[in-house]
Number of protein chains: 2
Amino acid sequence: MNLENTQVQMRKGILEFCILGIIARGEIYSSDILEELTSAKIMVVDGTLYPLLTRLKNAGLVEYRWVESDSGPPRKYFTITETGKTFLEQLQLTWDELVSSTQQIIQKSKLTA
Amino acid sequence: MNLENTQVQMRKGILEFCILGIIARGEIYSSDILEELTSAKIMVVDGTLYPLLTRLKNAGLVEYRWVESDSGPPRKYFTITETGKTFLEQLQLTWDELVSSTQQIIQKSKLTA
DNA sequence: CCAAGTACCTTGTATAACAAAGTACCTTTT
DNA sequence: AAAAGGTACTTTGTTATACAAGGTACTTGG
């Protein structure tokens, strides 16, 4: 049990939430999703992202269409479905509760300056 | 991929953080830890808690001593170590960053009333 | 035609939580 | 003191996810 591993574990499980959230903002393809996640300091490799997107698609939470690219192979552009929106809302509730729970448990003695 | 499973996945990885946080507040034993978690709406079964406590102990983050009980078998009372305190502080930082990241990604359009 | 770059996909491994069953100890009841 | 019940702790098998690493396929440029 080292810190890095625990940090990885912490991140697990919110990826689905974050990625669904990103797609909910508008049509987007994998590389740009990766960029969004990276800029939010949530590191993911493509070998993680692609299977996750496939899962979301198979669950009917997102859809995609092929779009030709000016510089390279075609891309899968994803959009969220109505089912996906409902799902995301519930994930948001779960997440908020979880954040609230940890705040309840972890009593912060320091005030933010 | 159903909601319940995703919710379970979300909770994974923060258990260690929460449990270490609970122990950091003072000496406590398993059943009372379970109660604390339950009251914070973080459901865990004992089959999950005990191995986790063993992991924390083997990592030197917590210690325990046996304490006789008035009504039943002896209990393992846990306390946090100095190493554990340092570890917890870093987990807190990671968690805060994660919460901040999700807020950055998930744009809440609704104002809290 | 071949090299390089981009996009997507697959396989094997590690970790953690859960369900369910089990062991051991202590108290109460008979 | 033997049986029954409750509490505390433990173990085993299953499932799910992320990662590392490697692979396939398409496009462009030399």
Side-chain angles (χ1 to χ4, degrees), chain A residues 1-20 27-38 41-59 61-62 64-78 91 94 98, chain B residues 1-20 27-35 37-38 42-59 61-62 64-78 91 94 98:
Chain A
M1 177 178 294
N2 56 43
L3 184 63
E4 198 184 345
N5 180 51
T6 304
Q7 289 170 329
V8 168
Q9 296 302 325
M10 259 192 181
R11 221 172 46 222
K12 286 174 74 163
I14 69 155
L15 269 184
E16 207 174 283
F17 173 50
C18 290
I19 290 168
L20 202 53
E27 199 175 41
I28 192 170
Y29 88 112
S30 308
S31 292
D32 282 342
I33 294 176
L34 272 177
E35 228 173 79
E36 293 279 344
L37 290 171
T38 301
K41 293 182 188 167
I42 299 177
M43 301 305 176
V44 186
V45 294
D46 65 345
T48 296
L49 180 60
Y50 287 110
L52 200 158
L53 288 171
T54 302
R55 287 205 305 276
L56 291 174
K57 187 251 170 187
N58 290 339
L61 306 179
V62 302
Y64 69 78
R65 62 186 181 104
W66 285 101
V67 175
E68 300 290 318
S69 167
D70 286 343
S71 57
R75 302 165 174 176
K76 279 184 173 178
Y77 270 81
F78 290 88
L91 286 188
T94 303
L98 214 51
Chain B
M1 176 178 293
N2 57 43
L3 185 64
E4 197 184 346
N5 179 52
T6 303
Q7 289 170 330
V8 168
Q9 296 302 325
M10 257 191 182
R11 222 171 45 220
K12 286 175 74 163
I14 68 156
L15 268 184
E16 206 174 284
F17 173 51
C18 290
I19 290 169
L20 201 53
E27 199 175 41
I28 192 170
Y29 88 112
S30 307
S31 292
D32 282 342
I33 294 176
L34 271 177
E35 230 173 77
L37 290 171
T38 301
I42 299 177
M43 301 305 175
V44 186
V45 295
D46 62 348
T48 296
L49 180 60
Y50 287 110
L52 201 158
L53 289 171
T54 302
R55 286 204 306 277
L56 290 175
K57 188 252 172 187
N58 289 340
L61 305 180
V62 301
Y64 68 78
R65 62 187 181 103
W66 286 100
V67 175
E68 302 290 319
S69 167
D70 286 344
S71 58
R75 303 165 174 176
K76 280 183 175 178
Y77 270 80
F78 289 87
L91 286 187
T94 303
L98 214 51

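Residue numbers start from 1 in every chain, and the chains themselves are labelled A, B, ... in the order their sequence lines are given, proteins ahead of strands. Note that the structure is a prediction, hence the values are computed from the model and not measured.
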| query | For the pair made of CZ in B/R55 and C1' in C/dC18, what is the distance, rounded to whole Å? | reply | 12 Å
| request: Look at all strands and tell whether A/S31 reaches a base, only sugar-phosphate, or nothing, counting heavy atoms closer than 4.0 Å. | output: sugar-phosphate
| query | Roughly how far, to the nearest 0.5 Å, is the CD1 atom of A/I14 from the CG atom of A/L20? | reply | 13.0 Å
| Quick one: is D/dT10 close enough that its OP1 or OP2 comes under 4.0 Å of any side-chain N or O from B/Y50? | no
| request: Identify whether any heavy atom of A/P74 sits under 4.0 Å from a base atom; if not, whether one sits that close to sugar-phosphate; answer base, sugar-phosphate or nothing. | output: sugar-phosphate
| task | Measure from OH on A/Y29 to C1' on C/dT6 and round the result to the nearest Å. | result | 8 Å
| note | Walking DNA chain C from its 5' end, the first of A/Y64 and B/T48 to be reached, judged by nearest nucleotide, is A/Y64
| Does B/K76 have a side-chain nitrogen or oxygen under 4.0 Å from the phosphate oxygens OP1 or OP2 of D/dT10? | yes
| query | How many Å lie between CG on B/N58 and C1' on C/dT15, as a whole number? | reply | 16 Å
| remark: Value for CD (B/Q7) from CD (B/Q9), rounded to nearest 0.5 Å, stands at 11.0 Å
| field | d(CD1, B/I14; P, C/dA17) in whole Å | value | 10 Å
| query | Phosphate oxygens OP1/OP2 of D/dA8: is one of them under 4.0 Å from a side-chain N or O of B/S30? | reply | no
| request: State whether B/R11 places a side-chain N or O below 4.0 Å from either non-bridging phosphate oxygen (OP1 or OP2) of C/dC18. | output: yes
| query | Which of these, B/T48, B/V44, B/D32, sits in a side chain to side chain contact (heavy atoms under 4.5 Å, CB included) with B/L37? | reply | B/V44
| field | B/N58 CG to B/L53 CG distance, which is reported to the nearest 0.5 Å | value | 11.0 Å
| In whole angstroms, how far is the C1' atom of D/dA8 from the CG atom of B/D32? | 12 Å
| query | Does some side-chain heavy atom of A/E36 sit less than 4.5 Å from a side-chain heavy atom of A/I28? | reply | yes
| query | If you look at every strand shown and take non-hydrogen atoms under 4.0 Å, does B/M43 touch a base, only sugar-phosphate, or nothing? | reply | sugar-phosphate
| Out of C/dA17, D/dT10, D/dC19, which nucleotide sits closest to the side chain of B/L52? | C/dA17
| N/O (side chain, A/R75) to phosphate O (OP1/OP2, D/dA25) under 4.0 Å | no
| query | Hey, does B/D70 reach any base, or is it just sugar-phosphate, or nothing, if we go heavy atoms under 4.0 Å? | reply | sugar-phosphate
| field | 5' priority, DNA chain D, between A/E68 and A/K12 [closest heavy atom] | value | A/K12
| query | When the distance from CZ of B/F17 to P of C/dA17 is rounded to whole Å, what number comes out? | reply | 14 Å
| query | Rounded to the Å, how far apart are B/D46 CG and D/dT11 P? | reply | 13 Å
| query | Whole-Å distance between D/dT17 P and A/E16 CD? | reply | 7 Å
